[in-house]
Amino acid sequence: MTKFNSLGLSDPILKALDHMGFEETTPIQEQTIPLGMEGHDVIGQAQTGTGKTAAFGIPMIEKVDKQVRGVQGLVIAPTRELAIQVAEELNRLGKNAGVRSLPVYGGSNMERQIRALKNNEIVVATPGRLLDHIRRKTIKLEQVHTSVLDEADEMLNMGFIEDIRDILKALPTERQTLLFSATMPKEIRDIATTLMNTPKEVKTKSKEMTVSNIDQYYVEIAEKHKFDALTRLLDIHAPDLAIVFGRTKRRVDEVADALQVRGFRAEGIHGDLTQGKRMSVLKKFKEGRIEILVATDVAARGLDISDVTHVYNFDIPQDPESYVHRIGRTGRAGRKGESISFVTPREKDQLNLIEKLTKKKVDKLRVPSYKEAQKGQQDIAVTKLTEKMDADDINDYKQSARDLMDQYEAQDLVAAALKMLTVERQETPVRLSSVQPISTRNAKGAKGGRSNRGGGGQGRNSQRGNSNKRPYNKGGNKGRSKNFNQNNKGK
DNA sequence: AAAAAAG
């Protein structure tokens with residue numbers, strides 16, 4: 001076990017670490033902090049929840065010169081919430097050193113942000129807003145000595161790579177670049193190395209990609225039975241905090257609504273909500289005012305919410321990397337966690353792919369019956385009731401209890417109390433918007449060269465016959481064809 | 001095909 005105080009860190013940093021309750025390094029920190037301090041470019045890969053932020057944050061803060069004005073350290077993150085979280089952690093680490101970190105993301109006030117940029121040595125940004133600042137020339141980047149791509153494989157993925165290239169072009173060439181993620185597919189790592197200066201690669205050795213303190217399960221289930229299965233599992237597991245991942249924004253809304261109807265404290269989060277709503281939902285979740293967060297992949301990466309005990313993949317994720325990150329929202333900092341993935345029969349291949357990447361077997365779980373779910377709720381109620389006796393002062397209630405016992409059977413009283421601690425779930429049918437099965441995507445089409453351009457691709461698609469609920473035909477398709485052109489003009 | 005990210 002290596003301690004932070006053996007790494008040659010400055011006093012203010014050590015003091016901050018001490019204040020945060022950190023004494024020993026995690027493996028990724030032990031290996032990358034010295035490299036970072038020596039000025040090397042680094043590609044760091046380590047499991048979720050093992051302290052990557054401090055691994056790059058500490059060397060970055062150590063290198064800040066308070067005499068210099070302008071941004072000196074730049075971190076780029078894939079979501080706004082993650083940018084905020086990383087900036088918070090860097091601020092804690094930099095507190096005693098007087099090094100300040102600013103989250104910079106879309107949806108926040110521009111004028112205020114521009115003013116704040118002058119007072120912060122480190123910026124943690126999402127790509128869109130950062131580029132906005134670069135183009136308006138409202139950010140000073142000539143002094144950047146350290147740049148970090150957090151969730152690097154995601155940042156170098158198709159949706160982000162062009163933005164990232166543009167951003168890196170705006171930075172001094174003489175600088176240090178650090179890349180961190182839990183996952184790093186080969187193709188992406190190759191791209192990464194072209195952007196770096198003979199990087200040192202650090203992979204914390206552990207054969208599995210997921211941490212061992214997460215128990216992973218799946219249930220094989222038809223689409224239309226998913227929702228009932230989810231509520232039954234929730235009743236049996238009684239998670240402290242759970243995240244339910246859905247494949248689309250619409251599904252997230254629908255599942256969150258349906259959970260509320262059944263009496264769960266749940267809310268949805270996805271990229272179509274206002275930033276204010278996104279933040280308030282997340283805050284509620286962290287404070288335990290809601291127990292279930294229903295989310296798109298906006299919440300898949302990086303978010304560190306310590307008490308998440310369960311992750312449900314209501315829809316199995318598109319790629320195995322996404323799976324690793326999603327389930328990594330639980331089992332953080334050494335705690336126990338559980339993940340349950342819903343797999344339709346035709347998605348079994350996808351599960352095999354996941355097992356191959358993570359080198360871990362995912363165990364099958366039977367879908368519980370309605371009765372078992374009721375029993376589950378009751379067991380939880382019993383626990384709650386008995387814990388109440390141990391944990392709380394219930395003396396003020398004892399006179400009422402005595403009065404009641406004069407009138408009624410003790411068994412009836414307790415039964416009634418237990419019933420009050422459970423919720424009756426009406427399993428009425430829930431209509432959810434359909435999801436496109438994953439199996440249709442790898443099978444064809446995705447060969448680099450020709451993306452199906454202008455309506456021409458239609459003929460070919462028609463052979464697919466995978467789904468008859470997607471009318472694209474020229475016939476009964478009132479004025480919808482323009483969607484095609486818009487969708488295809490991506491590049 | 002989805003999601004994220006500027007306004």
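The sequence lines fix the lettering, A, B, ..., with proteins before strands; numbering per chain opens at 1.
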Practice task
Look at the side chain of A/F160 and decide which nucleotide, out of B/dG7, B/dA4, B/dA2, has an atom nearest to it.
Solution key: B/dA4
Exercise for the section: Report yes if some heavy atom in the side chain of A/L259 is under 4.5 Å from a heavy atom in the side chain of A/E267; otherwise report no. Expected result: no
Problem - Below 4.0 Å: OP1/OP2 of B/dA3 and any side-chain N or O of A/S322 - result: no
Exercise for the section: Mind calculating the distance between CZ (A/R301) and P (B/dA2) to the nearest angstrom? Expected result: 19 Å
Problem - Phosphate OP1/OP2 of B/dA1 contacted by A/T248 side-chain N/O (<4.0 Å) - result: no
Practice task
Using a cut-off of strictly less than 4.0 Å, decide whether A/R80 has a side-chain nitrogen or oxygen near OP1 or OP2 of B/dA5.
Solution key: yes
Exercise for the section: Provide, to the nearest angstrom, the distance between the CD1 atom belonging to A/I114 and the C1' atom belonging to B/dG7. Expected result: 13 Å
Practice task
Check whether any side-chain nitrogen or oxygen of A/R250 sits under 4.0 Å from OP1 or OP2 of B/dA3, and answer yes or no.
Solution key: no
Problem - Integer-rounded Å distance: B/dA3 P and A/E154 CD - result: 13 Å
Practice task
Would you mind reporting whether A/I122 and A/L74 have side-chain heavy atoms less than 4.5 Å apart?
Solution key: no
Handout entry: A/K359/A/E208 ion pair, N-O < 4.0 Å
Key = no
Practice task
With sequence neighbours excluded, tell me which residues meet salt bridge (charged side-chain N to carboxylate O under 4.0 Å, His left out) with A/K140.
Solution key: A/E142
Exercise for the section: Select base, sugar-phosphate, or nothing to describe what A/R135 touches, counting heavy atoms under 4.0 Å on all strands. Expected result: base
Problem - Distance, rounded to the nearest Å, where A/M158 contributes CE and B/dA1 contributes P - result: 12 Å
Practice task
Starting at atom CG of A/L273, determine the distance to atom P of B/dA5, rounded to an integer number of angstrom.
Solution key: 11 Å
Exercise for the section: Would you kindly give the CG-to-P distance between A/D253 and B/dA2, to the nearest whole Å? Expected result: 15 Å
Exercise for the section: Between B/dA5, B/dA3, B/dG7, spot the one nearest the side chain of A/R129, thanks. Expected result: B/dG7
Problem - Interatomic distance, A/D297 CG vs B/dA1 P [rounded to whole Å] - result: 18 Å
Problem - Rounded distance (Å) that lies between atom C1' of B/dA3 and atom CG of A/D153 - result: 14 Å
Exercise for the section: Compare the minimum distances between each of B/dA5, B/dA2, B/dA4 and the side chain of A/Q318, then state the nucleotide with the smallest one. Expected result: B/dA2
Practice task
Describe the nucleic acid contact of A/G159 in one word from base, sugar-phosphate, nothing, applying a heavy-atom distance below 4.0 Å.
Solution key: base
Completion exercise
Taken in chain and number order and not counting sequence neighbours, the residues that satisfy ring pair (Phe, Tyr, Trp, His ring centres under 6.0 Å) with A/F56 are A/F180
